[in-house]
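Remember, it's 1-based here, ligands and their atoms both numbered in the order they're listed.
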Amino acid sequence: MIGKANGAISITGIGAYAPEHVITNDELSQMMDTSDEWIVERTGIRERRVAADDQALSDLALPAARDALEQAGLDAGTVDLVIVATVTPDMAFPSAGAIIADELGAPDAAAYDLSAGCTGFMYAVAQGYGMVAAGLSRHALVVGGDVLSRILDWSDRGTAVLFGDGAGAVVLERVSEGGFLGFELGADGSGGPQLYLPAGGSRTPASAESVAERKHYVQMNGREVFKFATRVLVTSAEKVLAECGKSIDDVDVYIPHQANVRIIDHAAEKLGIPKEKIVVNVERYGNTSSGSIPLALADAQVEGRLQEGSLVLMTGMGAGLTWGSGLIEWTTNGRK
Ligand code: COA
């Protein structure tokens, strides 16, 4: 799916939250056969955050959502749409969206979850955009977050070292001009088995057997996912830029999904975008799945990189296999 935006809609508030507990590479190397040197060289990751035992996804999302609303200057009661991109909701149902809308105090909001792996946030932003553009929503809250620590096999060094927990949220509203220029989203289900959670759904419900066979943990073919990720980060970005009549040189801030520094470097080189325009925080958080792009957006904002008129390119990719880009001319002017 690709399209140019047909209404001025922008991000008017950003919030992010990562749990306090830090696990360093050295700590991981005491739990499994790995080393700080290997992890840093292959991924760029130095540490990740892990949720406390009593924290579920909604507990990570709520502080992020409250901060985003505060920054937008909105009362939670005016939120009419809550979309939560996650593959680790508190439970299969009710949705994390419904739980979060209730906790926030948004009784008039439509609220639900969206599953698109690490691309979830980009899908959810595009969907929120569409709802606001169509006039169905005035104040949309889009959350991206995951508690992947709960679905990692902590004895599998091929996956456990890569991921972390975290969440972010943005508010979408109409503005006078600028805002989102376009989106490009896609999915290739034939690549699904490269990154998946085998059990716990209707195909293989939880059983003593499925637990014993460790089928409730993330399974990944790292090399195949690496090839896919480096390819789509480039193609998706190029497609959305072309659709919007922009070139890579026009981009001021590039926010790729924070999976691995090597993947980001690869894509940056192919795209021809200089390092100083790229937001990278994977060394502190690991891959937080749907939390990654909003956490990076929040960091970019704190660093003063999101200026009025800045052209910001965001691209995610992940399980599905899925990918998605959004291009936004940063503005909060003339909110309606
Ligand atoms: N510590 C130490 N050694 C490890 C290790 C770890 N955590 N994980 C794997 N290894 C070993 C392998 O067993 C292998 O050993 P061998 O040569 O004796 O068989 C060796 O390191 C090389 O493994 P390989 O899988 O070829 O490494 P790689 O360079 O492809 O890096 C990933 C592995 C997972 C870091 C890389 O493939 C990757 O980043 N893939 C994308 C994953 C991703 O981002 N997924 C989410 C997308 S949203």
- Enumerated ligand 1 atoms positioned under 4.0 Å from heavy atoms of N260: 38 (C), 39 (O)
- Note on the structure: Closest to atom 35 (C) of ligand 1 among protein heavy atoms sits T43 CG2, 3.8 Å
- Query: Would you say S310's side chain and L306's backbone share a donor-acceptor pair under 3.5 angstrom?
  - Reply: no
- Query: Where's the contact between I39 and ligand 1, heavy-atom distance under 4.0 Å: side chain, backbone, both or neither?
  - Reply: neither
- Message: Do E184 and S325 pair up side chain to side chain, a donor and an acceptor below 3.5 Å, judged on atom types alone?
- Response: no
- Examine the side chains of D146 and T88 and answer whether a donor and an acceptor come within less than 3.5 Å of each other. yes
- With a 4.0 Å cut-off on heavy atoms, is V225 touching ligand 1? yes
- Task: For I263, take its heavy atoms, then give the atoms of ligand 1 lying under 4.0 Å from any of them.
- Result: 44 (O)
- Task: Decide whether H216 and S210 meet the rule of one side-chain donor and one side-chain acceptor closer than 3.5 Å.
- Result: yes
- Message: Contact between ligand 1 and T159 is defined here as a heavy atom of the residue under 4.0 Å from a ligand atom; is it met?
- Response: no
- Which ligand 1 atoms does H257 reach within 4.0 Å, using its non-hydrogen atoms? 48 (S)
- Item | Top protein contact for atom 45 (N) of ligand 1, by heavy-atom distance | M220 SD, 3.3 Å
- Query: Counting from 1, what ligand 1 atoms have a heavy atom of R42 closer than 4.0 Å?
  - Reply: 22 (C), 27 (O), 28 (P), 29 (O)
- Under 4.0 Å from atom 37 (O) of ligand 1, do we find at least one protein heavy atom? yes
- Query: Should the proximity of T34 to ligand 1, defined as any heavy atom under 4.0 Å, be assigned to the side chain, the backbone, both, or neither?
  - Reply: both
- Item | Nearest-option assignment for atom 31 (O) of ligand 1, heavy atoms, candidates K227, R223, R262 | R262
- Query: Between D165 and S149, does any side-chain donor sit less than 3.5 Å from a side-chain acceptor?
  - Reply: yes
- So, does T322 use its side chain to make a donor-acceptor pair with the main chain of A116 at under 3.5 Å? yes
- Between T43 and N260, does any side-chain donor sit less than 3.5 Å from a side-chain acceptor? no
- C118-ligand 1 polar pair, N/O distance under 3.5 Å: no
- Query: Does M32 come within less than 4.0 angstrom of ligand 1, counting non-hydrogen atoms of the residue?
  - Reply: no
- Using the side chain to side chain contact (heavy atoms under 4.5 Å, CB included) rule, take I328 and S10 through it: C-alpha gap first, then chi angles, then the decisive distance, then the call. CA-CA 7 Å; I328 177 170; S10 193; 3.7 Å; yes
- Hey, which atoms in ligand 1 end up nearer than 4.0 Å to a heavy atom of M317? 48 (S)
- Message: Out of all atoms in ligand 1, which are within 4.0 Å of some heavy atom of A259? Include the element for each.
- Response: 44 (O)
- Item | Short N-O contact, R214 and D156, less than 4.0 angstrom | no
- G318 neighbourhood, listing ligand 1 atoms whose heavy-atom distance to it stays under 4.0 Å: 48 (S)
- Message: Heavy atoms only, cut-off 4.0 Å: how does F226 contact ligand 1, side chain, backbone, both, or neither?
- Response: both
- Task: Applying side-chain hydrogen bond (donor to acceptor under 3.5 Å, both in side chains), run through S58 and D90 and close with a yes or a no.
- Result: CA-CA 7 Å; S58 66; D90 296 23; 2.6 Å; yes
- Can you find a protein heavy atom closer to atom 16 (P) of ligand 1 than 4.0 Å? no
- Proximal atoms of ligand 1 relative to V161 (non-hydrogen, under 4.0 Å): 7 (N)
- Message: If you scan the protein for heavy atoms around atom 41 (C) of ligand 1, do you find one that is closer than 4.0 Å?
- Response: yes
- Message: Less than 3.5 Å apart, any donor N or O on the side chain of E27 or T24 sitting next to an acceptor on the other?
- Response: yes
- T230 side-chain N/O to I263 backbone N/O, donor-acceptor pair under 3.5 Å: no
- Query: Quick check: does N287 get an N/O under 3.5 Å from an N/O on ligand 1?
  - Reply: no
- Item | Check: R157 side chain, M32 main-chain N or O, donor-acceptor pair, under 3.5 Å | no
- Item | Heavy-atom proximity to atom 20 (C) of ligand 1, best of W323, F163, F228, W38 | W38
- Distance from atom 14 (C) of ligand 1 to nearest protein heavy atom, with residue and atom: R157 NH2, 4.6 Å
- Item | Backbone of A96 reached by a side-chain donor or acceptor of Y112 within 3.5 Å | no
- Message: Among all protein heavy atoms in this structure, tell me which lies nearest to atom 34 (C) of ligand 1, with the distance rounded to 0.1 Å.
- Response: L162 CD1, 4.0 Å
- Message: Using a 3.5 Å distance criterion without hydrogens, assess whether the side chain of Q71 forms a donor-acceptor pair with backbone atoms of I14.
- Response: yes
